[in-house]
Number of protein chains: 2
Amino acid sequence: MAISFTEENYLKVIHRLSEATTEDISTNAVAELMQTKAASVTDMLRKLAEKGWVNYQKYQGVRLSAEGEKIALSIVRKHRLWEVFLVDKMGFNWDEVHEIAEQLEHIESDQLVNKLDEYLGFPKTDPHGDPIPNKEGILPELAYSHLSDIKTAKTCKLMGVAQDSAVFLQLLTKLNLSLGAKLDIQEVNEFDRSIFVSINDAAPIFISHEVAKNILVKV
Amino acid sequence: MAISFTEENYLKVIHRLSEATTEDISTNAVAELMQTKAASVTDMLRKLAEKGWVNYQKYQGVRLSAEGEKIALSIVRKHRLWEVFLVDKMGFNWDEVHEIAEQLEHIESDQLVNKLDEYLGFPKTDPHGDPIPNKEGILPELAYSHLSDIKTAKTCKLMGVAQDSAVFLQLLTKLNLSLGAKLDIQEVNEFDRSIFVSINDAAPIFISHEVAKNILVKV
DNA sequence: AATAATTTTTAGATTAACCTAAAAAATAAA
DNA sequence: TTTATTTTTTAGGTTAATCTAAAAATTATT
């Protein structure tokens, strides 16, 4: 069935919200991420439900159907593969690629996506460490911890970020924190939960809890 | 000023029609290429004129303004660069890339286009031999002849095609005719204007006038 | 030049995606 | 368990791009 850009974006947003919870997704939550009004969301949810891509009962929130999940994952796959392309092949920084990938994710051609995947060497994650669904739409589960959850001195490796806003990524770049960086945690301060850490064997610096919450690491 | 996909497509179509003539472009001609009705075209021409991208007086046809020309050329540039990408990097055949490039040409990022250009080695033409406008929107004039215009036995080189429909390109592929092929013209038949020609030193074959009209060669 | 044929435009509707304002339902607080 | 608050939906409108059918302008033909 034909699908519009807007419908694709709604499915993507519902998918994103569903990753964080097992609850049904509220109209308002969708409205906020879609940068639109709740009334518009209600209209769209009814339409998506008619097309069989979501399960929706009014006042009860929304969930993706199996079909809707499949579509959402194919968009996520395209988005993340294009991000790899932009960084690895086009030479963009990891904080510059989101907007462009938002456009490229809507290009329709399974053949192209699979050729791109192969061309990039079947990457497992995008430049922010987010996993890339495979051709069958299966998303490899990457069991990473939030840096903020670590309580004791230990060594770990930066595997991803929980947020890909440009300001945040630029801050990480300033701190010399990129995918794969080695983090030697010296101390976790009880007072403000800031972390005193050596990055790639440099002199240790302080990282705020705010920032640590958005950093994913493998212990 | 903001521009929609549809507006971009109209400018592209008007540009294409303008290449073939110095006359003003008729509403019907635009309608046919846009696969829409004349009434819809009238509406859009008025809008494009308001935005300053075309010069249009009702009943008098339409021309691109300098600004409109600039936009059209940037779309052509993107279209052709993406075609090179699809063939050279993704391994598509030249008859498979048009549809996908129709989508990719609307991706908005000057930075991306210029990086892509560099990545592809600043190609001068697309996989069909059509010239690629440079960053400044200047379209190199390639003075090629139509194979159908050649009257005597001589050797020439296939530099492009005047049509990129999949059926036509597939026929050329069957005839072993690709960009750069050497054509030794043995004889031009007066009766049906068919051409008896050896392709890359193979045994000579007949090529119809219909086909020859769409083949561009350098003598 | 008058009439016929064609092309183009206007008028009035339709659809997708959005909006505001008001009503209804669900949830939280007293 | 009422009342207040918040969330969600409905009702009615807007805009971009399209359509059909009818009117107007242009071009071609007698």
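Proteins get letters first, then strands, A, B, ... in listed order; numbering begins at 1 in each. Only this structure's heavy atoms are used, side chains among them; waters, hydrogens and symmetry mates stay out. As the structure is a prediction and not an experimental result, all values here were calculated from the model.
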### Query
When every nucleotide of nucleotides 3-8 of chain D is labelled 5' to 3' by its protein contacts under 4.0 Å (heavy atoms), B for base, S for sugar-phosphate only, - for none, what sequence of letters results?
----SB
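Nearest heavy atom pair, residue A:I150 against residue A:C156, reads CD1-SG, 4.1 Å. Among all heavy-atom pairs drawn from B:L179 and B:G129, the shortest one is CD2-N, 3.7 Å.
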Hey, what are the protein-to-nucleotides 3-6 of chain C N/O distances that come in under 3.5 Å?
none

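Distances shorter than 4.0 Å separate none of the side-chain N or O atoms of B:R46 from OP1 or OP2 on C:dT9. Taking only side-chain nitrogens and oxygens, B:S4 never comes nearer than 4.0 Å to OP1 or OP2 of D:dA16. Proximity of A:K37 to the phosphate of C:dC18: no side-chain N or O atom is located under 4.0 Å from OP1 or OP2.
In B:E19, the CD atom is crowded: over 12 heavy atoms of neighbouring residues, nucleotides or ligands sit closer than 6.0 Å.
Listed nucleotides: C:dC18, C:dA21, D:dT18. Nearest to the side chain of A:A39: C:dA21.
The backbone N or O of A:P131 sits less than 3.5 Å from a side-chain atom of A:R80, completing a donor-acceptor pair. Side-chain N or O atoms of B:K78 include one that pairs as donor or acceptor with a backbone N or O of B:I107 at under 3.5 Å.
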### Task
Just do the side-chain hydrogen bond (donor to acceptor under 3.5 Å, both in side chains) check on A:S165 and A:Q163 with the steps written out, would you?
CA-CA 6 Å; A:S165 72; A:Q163 198 202 112; 2.6 Å; yes
### Task
Carefully, step by step, assess A:N28 and A:S26 under the rule side-chain hydrogen bond (donor to acceptor under 3.5 Å, both in side chains).
CA-CA 5 Å; A:N28 264 352; A:S26 76; 5.9 Å; no
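Geometrically, A:K89 engages A:Y119 in a cation-pi contact, judged by NZ or CZ lying under 6.0 Å from the ring centre and within 45° of the ring axis.
A:S40 comes within 4.0 angstrom of a nucleotide base, judged by non-hydrogen atoms across all strands.
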